[in-house]
Amino acid sequence: MDNFFFYVAVLICLVVGFFIFRKVTTCLLKTVIGVIVIAVIAFVYYMFFK
């Protein structure tokens, strides 16, 4: 019975870790997309107003 609780605890830790990983990845992905959009806007600005 002790092993059962260990496996349940490991499974809960994996699920919680997966959700935390998804949240961090989503935030990081939004940041990268934001930086790319800002870089494209700056590039277009310098190409037209150079």
Side-chain angles (χ1 to χ4, degrees):
M1 201 63 169
D2 191 36
N3 284 342
F4 176 73
F5 290 118
F6 174 73
Y7 288 122
V8 169
V10 168
L11 185 63
I12 290 172
C13 288
L14 286 174
V15 170
V16 170
F18 175 73
F19 281 117
I20 291 173
F21 180 74
R22 274 189 45 202
K23 289 288 185 184
V24 169
T25 304
T26 302
C27 182
L28 184 64
L29 187 62
K30 286 180 184 177
T31 303
V32 169
I33 290 173
V35 168
I36 291 171
V37 167
I38 290 172
V40 168
I41 290 172
F43 175 74
V44 170
Y45 174 78
Y46 285 118
M47 289 304 290
F48 281 114
F49 298 108
K50 185 174 164 183

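Positions are given from 1, in the same order as the sequence printed here.
Both Phe4 and Ile12 are assigned to one and the same hydrophobic cluster, defined by single-linkage of ILVMFWY side chains at heavy-atom distances under 4.5 Å. A single hydrophobic cluster is not seen to contain both Ile38 and Phe43; linkage of ILVMFWY side chains at heavy-atom distances under 4.5 Å, directly or through other members, places them apart. Following chains of ILVMFWY side-chain contacts shorter than 4.5 Å, one can reach Val8 starting from Val16, so the two form part of one hydrophobic cluster. Hydrophobic clustering keeps Tyr45 apart from Val37 (ILVMFWY residues linked when any side-chain heavy atoms are closer than 4.5 Å, directly or through intermediates). At a threshold of 4.5 Å between side-chain heavy atoms, the hydrophobic network of Ile, Leu, Val, Met, Phe, Trp and Tyr places Phe18 and Leu14 in two separate groups.
Rounding to the nearest 0.5 Å gives a distance of 9.0 Å between CG of Leu28 and CZ of Phe21. Between the NZ atom in Lys23 and the OG1 atom in Thr26 there is a gap of 7.0 Å [rounded to 0.5 Å]. Annotation: the span from Thr25 atom OG1 to Ile20 atom CD1 amounts to 11.5 Å, rounded to 0.5 Å.
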